[in-house]
Amino acid sequence: MKSIAFVALLFCAIGFSSSNNLICNTPELDIPKEWVDMTHGCIGKMREQVLEELKASMQYMAMGAYFAKDVVNRPGVSEMFFKSASEERDHAIKLIHYLLMRGELTTNISDLIKRNLVPPVTTWENVVSAMKAALKLEADVTRKIRKVIEVCEHDTASNPSNNDYHLVDYLTGDFLEEQYHGQRDIAGKVSTLEKMMKDHGKLGEWLFDKKVQAGEL
Amino acid sequence: MKVFIILSIFCAAAFAEDYCYKDARRACGTKLSLDMKNCTAKYGAIERAEASLQKFAYHHFIRSFDYLLLSTHFANYQKNRPGFEKLFRDLSDNKWHEGIELIKYITSRGGEMQFNDVDNLVESEDGNFDLHEITAIAKALDIEKKMANEASEIHHRIWHKSVLHDPEITDYIEKEFVHKEKDLIRKLAGYSTDLKDLLNPEDGSLSLFLFDEFLQGNKLF
């Protein structure tokens, strides 16, 4: 019996080593690297920022889930947070696309995203406190984007220190633009909601939710 | 004995209908803070399914990130396979949105979402996404089979192991996952077959170009 298995194994080995090999590798390429000119410190910051956007995304996801509960029942607010979660994910993908466009992300791809992203907070006292937490979260993301810009504008990790004009312009014109508009929008909503709730508490919150759901705020 | 059990279930159901009403009557005229804790959307077998649905939803997000990494990998200038990039991006988007829909479903049945990798899915796998075209397809096929099995387990848990019959949950699982996974698994297995046949020493490199071009124009969902 053993010898039969051995012969079978031998046949398999011969079969696989014959000319019909399954070729999974693509040939080694020799593409000039001169155009790949992002610097080390800046790349590192950009990669970190991808993860930051995804962390923010999962935090929004937890907000959406909390306000979707039947015993909380704020469907408008919940949907708003679910949308924000997908928007943050889109930001991460935009950053990834930028890095790919500049010839990056050819190595260490598996470390780019920590796949188990548990949101740190999952319950809130009320809508106001969640919206305030969202505003703080956005401010934190903005601060981190500014930090990426700082590093990429003056990357001292490379010698001589490097200014990545194009990326800095992209982050400033595209990302910060969206951050500031988004922050103003949330701050305005917090203001409206707090005023609606001043004398009327839960009635104000209930009405706010319906207004958000109908897209009237 | 059986009659007794059936009777007691009926009684429980009958009482359940009154619990919220009783809560509400008791609450009227008392302090506002009094809980009407029986006035939730929970009924049927949702409590038996809740934990596994939470896990299932969270696994969707993990898989969405897995596919995003694969999509990114095939989009770098050395790989340069826009078709594979699109395939894995479509899978990533799909898992993301299905994850959100699952959270909404859990809450529609009076449950809540828990974000946690309780099964240590991430740590139990090798987590390498620097893959060749055919091994990436193989990985996706394995992932989708795991997803399909997880859906089946939830179905089984409700259909066979729950005292309370809850056709709403089993129907939801069938409609949203069981049939869709079947199609997806078949498609990925087909891709795997094609690549296995095409990747010979003579045709391999050009085959991948043509297969990638095919994927660019092909709709996964």
Side-chain angles (χ1 to χ4, degrees), chain A residues 19-29 31 35-36 50 54 57-59 61-62 64-73 75 78-79 82-83 85-86 89-90 92-93 96-97 99-120 122-123 201-202, chain B residues 32 37 39-42 57-58 61-66 68-73 75-79 85 89 92 96-97 99-100 103-104 106-117 120-123 126-135 195-196 199-201 203-205 207-208:
Chain A
S19 63
N20 284 329
N21 278 0
L22 184 67
I23 305 297
C24 301
N25 292 352
T26 35
E28 282 293 316
L29 303 168
I31 304 168
W35 68 280
V36 181
V50 169
L54 290 176
S57 167
M58 290 306 283
Q59 184 55 77
M61 191 70 82
Y66 177 77
F67 289 100
K69 282 167 68 171
D70 62 332
V71 288
V72 177
N73 203 39
S78 165
E79 196 53 53
F82 278 133
K83 266 200 200 110
S86 293
R89 175 176 175 268
D90 289 343
I93 292 172
I96 289 174
H97 281 166
L99 284 166
L100 288 165
M101 184 273 286
R102 292 288 298 275
E104 291 305 326
L105 300 180
T106 51
T107 51
N108 299 331
I109 190 67
S110 309
D111 307 335
L112 183 63
I113 300 171
K114 187 174 160 282
R115 298 140 63 216
N116 182 14
L117 292 174
V118 178
T122 50
T123 54
K202 284 285 171 190
Chain B
L32 267 174
K37 62 176 186 302
C39 297
T40 70
K42 275 192 175 154
Y58 195 70
F61 297 122
I62 293 174
R63 294 320 181 187
S64 176
F65 295 141
D66 290 358
L68 188 56
L69 284 172
L70 283 172
S71 169
T72 303
H73 173 60
N76 79 45
Y77 77 94
Q78 289 166 2
K79 281 283 172 189
E85 177 194 0
R89 177 64 195 280
S92 176
W96 182 260
H97 294 300
I100 295 176
I103 296 178
K104 288 182 185 170
I106 294 168
T107 60
S108 81
R109 289 298 309 264
E112 63 175 18
M113 178 58 188
Q114 295 273 341
F115 295 85
N116 218 334
D117 184 15
N120 288 320
L121 195 66
V122 169
E123 276 172 33
D126 78 343
N128 175 26
F129 297 95
D130 187 352
L131 300 173
H132 301 304
E133 286 80 354
I134 190 169
T135 44
L195 285 175
K196 179 177 70 67
L199 294 184
N200 55 54
D203 302 326
S205 206
S207 296
L208 281 174

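Below, chain A is the first sequence line, B the second, and so on; all start at residue 1. For clarity, every value in this text was computed on a predicted model and none was experimentally measured.
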Return the option, out of [options], with the maximum number of heavy-atom pairs under 4.5 Å with chain A.
{"options": "B/L121, B/D66, B/L195", "value": "B/D66"}
{"options": "B/T40, B/T72, B/N128", "value": "B/T72"}
{"options": "B/G99, B/S92, B/S207, B/S108", "value": "B/S92"}
{"options": "B/I62, B/D203, B/D130, B/I100", "value": "B/I100"}
{"options": "B/E112, B/H97, B/M113, B/R109", "value": "B/E112"}

Pick one of side chain, backbone, both or neither for [X], based on which atoms fall under 4.5 Å of a heavy atom in chain B.
{"X": "A/E28", "result": "neither"}
{"X": "A/V118", "result": "both"}
{"X": "A/S86", "result": "both"}
{"X": "A/N25", "result": "both"}
{"X": "A/L105", "result": "both"}
{"X": "A/I113", "result": "both"}
{"X": "A/T106", "result": "both"}

Side chain, backbone, both or neither: which part of [X] has a heavy atom under 4.5 Å from chain A?
{"X": "B/E133", "result": "side chain"}
{"X": "B/L208", "result": "side chain"}
{"X": "B/S205", "result": "side chain"}
{"X": "B/R63", "result": "side chain"}

Q. Any donor and acceptor pair, going by atom type alone, linking the side chain of A/D70 with main-chain N or O of B/A41 inside 3.5 Å?
A.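 Yes; at least one donor-acceptor contact below 3.5 Å.
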Q: Measure from the side-chain N and O atoms of B/T135 to the backbone N and O of B/L131, and report whether any donor-acceptor pair falls under 3.5 Å.
A: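 A pair under 3.5 Å: no.
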Enter the distance from [X]:[atom1] to [Y]:[atom2] here, rounded to the nearest 0.5 Å.
{"X": "A/L112", "Y": "B/F65", "atom1": "CG", "atom2": "CZ", "answer": "11.0 Å"}
{"X": "B/K42", "Y": "B/K37", "atom1": "NZ", "atom2": "NZ", "answer": "13.5 Å"}
{"X": "A/C24", "Y": "B/K196", "atom1": "SG", "atom2": "NZ", "answer": "12.0 Å"}

Q: Kindly indicate whether the side chain of B/W96, heavy atoms from C-beta on, has any atom under 4.5 Å from the side chain of A/S57.
A: yes
**Q.** Options A/L29, A/L99, A/V72, A/I96, ranked by heavy-atom pairs under 4.5 Å with chain B, top entry
**A.**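 If we count pairs closer than 4.5 Å to chain B, A/I96 comes out on top.
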(Q) Looking only at heavy atoms and a cut-off of under 4.5 Å, which of A/E104, A/M58, A/M61 has the most pairs with chain B? (A) A/M61
Please find the pair of heavy atoms, one from [X] and one from [Y], that lie closest to each other, and give the distance.
{"X": "A/G103", "Y": "A/V36", "result": "O-CG1, 3.8 Å"}
{"X": "A/A68", "Y": "B/T107", "result": "O-CB, 3.3 Å"}
{"X": "A/M101", "Y": "A/W35", "result": "O-CZ3, 3.8 Å"}
{"X": "A/I109", "Y": "B/L69", "result": "O-CD2, 3.3 Å"}
{"X": "B/N200", "Y": "A/I23", "result": "C-CG1, 3.9 Å"}

